[in-house]
Amino acid sequence: MSQQKLPIGIQTFRKIREGGFTYVDKTVEAERLATQAGVYFLSRPRRFGKSLFVDTLKELFEGNEALFRGLHIHDQWDWSQRHPVILLDFAAGVVQSRAELDRRIRQLINNNAQRLGIDCDWQDNDIPGCFGDLIRRAHEGFGQRAVVLIDEYDKPILDNIEHPERAAELRDGLKNLYSVLKAQDAHLRFVFLTGVSKFSKVSLFSGLNQLNDITLDPQYATLCGYTQQDLETIFAEHLAGVDWDELRRWYNGYGFLGEPVYNPYDILLFIDKGHSFRNYWFETGSPSFLIKLFQQRRYFLPDLEQLEVGEEILDSFDVEHINPVTLLFQAGYLTVASTQVRRGRLMFRLKVPNQEVRLALNDQFISGYTGLEETRIRLQDGLYDSLVAGDLPGLIALIKRLFAGIPWRNFTGNDLPEAEGYYASVLYAFFASLDAEIIPEDLTNHGQVDLTLKLAGYIYVIEIKLVRDTLILDARGKGDRELDPNAITAASATSQATAPATVVTVASEDSPALLGNPASADLAFGAGAGAGAGAGAGAGAGAGAGAGTGTGTGTGTGTGTGTGTGTGTGADTGAELAANAPAAPATNPALAQIQARGYSQKYQQAPGKGLFEVGFVFSSAERNLIQADWRRLH
């Protein structure tokens with residue numbers, strides 16, 4: 001038995017049914033809707049099957065019974081009832097002015113009038129007049145109330161969303177059309193509108209107070225999209241031998257308060273391309289406007305990992321008041337993970353739906369926030385290799401190279417480098433594009449750390465600070481950047497760590513970096529650490545390296561003094577000495593905060609290859625990393 005053909009790019013119900021293409025039966029939902037009267041609205045991301053469902057409703061109301069044989073609704077529907085259907089489809093082409101939109105609307109009205117055998121008098125009528133006449137005369141001529149189906153109702157606006165004045169003009173033109181529906185209610189059997197976004201009733205659907213939004217209605221959660229059962233039954237032959245867990249991870253996860261679904265376009269292309277995991281759906285559109293909007297609002301990208309919003313955020317937006325989170329959700333880059341009622345309000349926790357969107361969206365954020373198009377993949381490869389190997393020197397060198405490569409034109413006309421969130425957002429976008437698990441603002445009993453990153457058995461607890469302009473001198477007389485007291489809250493440099501650990505500092509380029517050699521007592525813990533690392537450890541390490549044994553007192557600039565007896569041997573390595581000595585107080589304010597507040601404590605018993613505390617200090621003047629310190633706890 002040969003496999004059924006795949007309906008790639010086919011949005012016509014008749015063509016699928018008569019052509020022998022694979023079809024997932026959506027007539028259960030169609031029956032539930034069509035047996036009721038009213039005005040319904042459905043928002044779904046692009047390429048999700050909205051247009052096919054609209055065409056299914058058209059064939060159903062026109063009474064084309066033969067097309068529905070073998071489907072759920074065939075024995076449930078009264079095929080003697082045939083309704084005149086008016087279909088307005090805005091999917092084709094792009095309009096860029098009110099005049100172009102009005103011409104398009106007149107053409108759509110004329111096409112429907114000709115198909116229904118109705119003449120419209122444009123000489124004495126405007127658009128609302130002719131649309132109203134079409135509905136009324138269709139009812140009179142067929143003896144049944146009319147059905148109005150509007151597909152991609154919002155496309156003329158969204159095509160011009162980067163030009164607010166033009167978009168508002170087009171919105172008013174569509175409002176002029178849709179306002180007719182209320183006036184013609186007595187002549188309407190059923191109205192169904194689809195689109196990507198939902199504009200407020202006030203701005204676009206004035207008067208349609210009875211509009212029933214089924215976007216987040218559990219009984220219609222699977223109206224568009226494929227379920228897991230659909231794939232395991234209808235597409236069973238096409239998907240024989242597939243890794244189901246990987247398929248779910250890549251393409252499932254779209255939630256609309258019911259069973260999660262797959263994007264149909266992804267599945268059809270995945271089958272057609274020989275089960276190759278690629279970004280099929282994402283590549284069909286560009287979120288460039290969204291990326292610009294996030295930059296303009298200086299949005300803290302790590303927040304995308306744990307978004308919780310109220311119903312009003314997801315419900316609608318307007319041209320003059322666009323919330324980027326609303327657009328991300330309605331466009332399919334975010335979806336509903338769960339809900340809860342708090343203080344009498346329904347709250348939604350959002351998430352990125354799957355691997356495809358997560359990787360591709362963060363690639364777009366990287367390009368938008370950094371302009372690193374040509375070197376992005378090499379940087380991602382290098383960061384990944386460093387993280388999965390626990391190679392902190394390599395990681396820091398790559399981060400410095402990453403920020404050094406960002407073109408200065410990216411900062412023209414904005415103050416992004418003045419915000420700590422910019423540096424955190426760039427790092428987040430890169431780390432998320434590696435498919436790392438990221439916990440932003442990771443909560444502990446003593447506060448929250450900026451980022452916790454988990455990858456390949458390693459855990460990185462990361463705090464980020466931003467440095468302003470003034471120069472100060474470190475313990476070696478080197479110039480270093482002063483930390484703006486309003487920009488950071490550094491922990492006391494005398495706070496002690498909870499466990500012995502290796503501490504390594506990579507400072508700005510004018511102060512030497514010590515990589516993997518913490519035995520040198522004057523450099524191991526950065527500026528001002530001196531020999532105050534603990535009783536005997538500092539002096540003993542210093543003398544032991546040269547003389548075999550040593551006793552002495554060491555003083556550390558800025559952090560206090562340590563006195564004690566230390567014994568060392570010339571054969572001891574720096575790593576061995578550091579492993580046997582109490583940890584030094586951190587002079588890096590980011591690392592000091594991690595240590596003082598015990599941010600990493602909850603991970604100290606976690607299994608894995610290693611746990612790192614990492615403090616990054618960036619300079620707004622240099623627009624780069626100027627100090628990086630870390631310690632490894634296990």
Side-chain angles (χ1 to χ4, degrees), residues 10-15 39-41 50-64 67 82-160 166-167 169-196 199 204-208:
I10 301 177
Q11 303 175 49
T12 306
F13 182 71
R14 178 180 292 275
K15 185 175 181 180
V39 181
Y40 293 89
F41 170 79
K50 299 186 300 294
S51 297
L52 176 58
F53 187 75
V54 167
D55 197 62
T56 303
L57 291 175
K58 174 182 175 294
E59 299 290 356
L60 181 66
F61 278 109
E62 288 180 340
N64 294 315
L67 299 177
R82 298 188 173 213
H83 295 267
V85 177
I86 298 168
L87 173 61
L88 305 180
D89 185 356
F90 289 98
V94 176
V95 296
Q96 296 181 322
S97 69
R98 174 66 183 272
E100 290 181 11
L101 175 63
D102 287 349
R103 282 197 296 273
R104 174 69 56 80
I105 292 172
R106 283 195 292 269
Q107 182 182 19
L108 290 172
I109 291 174
N110 280 335
N111 290 345
N112 279 275
Q114 291 174 11
R115 181 169 53 82
L116 296 174
I118 297 170
D119 293 323
C120 183
D121 181 9
W122 286 104
Q123 290 185 343
D124 297 324
N125 259 324
D126 55 8
I127 286 174
C130 267
F131 188 33
D133 281 351
L134 177 61
I135 294 171
R136 186 173 58 256
R137 293 173 65 184
H139 180 195
E140 294 169 353
F142 282 78
Q144 296 284 353
R145 290 185 176 88
V147 170
V148 174
L149 306 174
I150 303 176
D151 196 18
E152 303 288 0
Y153 87 100
D154 55 346
K155 187 174 182 295
I157 304 172
L158 295 181
D159 283 344
N160 295 276
R166 187 192 304 167
E169 184 181 61
L170 294 168
R171 176 197 61 197
D172 292 342
L174 290 171
K175 182 178 179 179
N176 189 46
L177 174 70
Y178 301 147
S179 63
V180 173
L181 296 173
K182 180 186 179 183
Q184 299 299 324
D185 180 65
H187 303 285
L188 291 170
R189 161 67 175 80
F190 180 84
V191 178
F192 187 70
L193 303 93
T194 77
V196 169
F199 287 85
L204 196 55
F205 299 118
S206 180
L208 283 181

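Taking SG of Cys120 as the start and CD of Gln114 as the end, the distance is 11.0 Å to the nearest 0.5 Å. Rounding to the nearest 0.5 Å places CZ of Arg98 at 7.5 Å from CD1 of Ile105. Expressed to the nearest 0.5 Å, how far CG of Leu193 lies from CZ of Phe41 amounts to 7.5 Å. The distance from atom OG1 of Thr194 to atom OH of Tyr153, rounded to the nearest 0.5 Å, is 9.0 Å. Atom CD of residue Glu59 and atom CG of residue Leu67 lie 5.0 Å apart, to the nearest 0.5 angstrom. Here CD of Glu152 is found 12.0 Å from CD1 of Ile157. Values are rounded to the nearest 0.5 Å.
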Next on the checklist: For a side-chain contact (heavy atoms from CB on, under 4.5 Å) check, start with the C-alpha distance between Phe192 and Val147, then their side-chain angles and the critical distance, and finish with the verdict.
Outcome noted: CA-CA 8 Å; Phe192 187 70; Val147 170; over 6 Å; no
Checklist entry - Passes side-chain contact (heavy atoms from CB on, under 4.5 Å), Phe131 versus Val148? Steps please. => result CA-CA 11 Å; Phe131 188 33; Val148 174; 4.3 Å; yes
Checklist entry - Does the side-chain contact (heavy atoms from CB on, under 4.5 Å) test come out yes or no for His83 and Phe190, once each step is laid out? => result CA-CA 10 Å; His83 295 267; Phe190 180 84; over 6 Å; no
Checklist entry - Does the pair Val39 and Tyr178 meet the rule for a side-chain contact (heavy atoms from CB on, under 4.5 Å), with working shown? => result CA-CA 11 Å; Val39 181; Tyr178 301 147; over 6 Å; no
Between side-chain atoms of residues 133-140 and protein atoms elsewhere (two or more places apart, or another chain), which donor-acceptor pairs fall under 3.5 Å?
| unit_1 | atom_1 | unit_2 | atom_2 | d |
| --- | --- | --- | --- | --- |
| Asp133 | OD1 | Arg136 | NH2 | 2.1 |
| Asp133 | OD2 | Asn125 | ND2 | 2.8 |
| Arg137 | NH1 | Asp119 | O | 2.4 |
| His139 | ND1 | His187 | ND1 | 3.0 |

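In this structure, Arg82 and Gly63 approach most closely via the heavy-atom pair NH2-O, 3.3 Å. Across Asp121 and Cys130, no two heavy atoms sit closer than the pair O-SG, 3.9 Å. The two atoms that bring Val191 and Leu188 nearest to each other are CG2-CD1, 3.8 Å, heavy atoms only.
The main-chain N or O of Phe13 is found under 3.5 Å from a side-chain atom of Asp55 such that the two form a donor-acceptor pair. Lys155 contributes no side-chain N or O that, together with a main-chain N or O of Asp89, makes up a donor-acceptor pair within less than 3.5 Å. No donor-acceptor distance shorter than 3.5 angstrom exists from the side chain of Asn160 to the backbone of Ser97, with no hydrogens or angles considered. One N or O on the side chain of Glu100 and one on the backbone of Gln96 form a donor-acceptor pair closer than 3.5 Å. At distances below 3.5 Å, at least one donor-acceptor pair connects side-chain atoms of Arg145 with backbone N or O atoms of Ala186. For the pair Arg115 (side chain) and Val85 (backbone), a donor-acceptor distance under 3.5 Å is present.
Between Arg14 and Glu62 there is no salt bridge, since none of the side-chain N atoms of the basic residue sits less than 4.0 Å from a carboxylate O of the acidic one.
Each of Asp151, Asp154, Leu101, Asp159 was scored for a side-chain contact (heavy atoms from CB on, under 4.5 Å) with Phe90, with one residue passing: Leu101.
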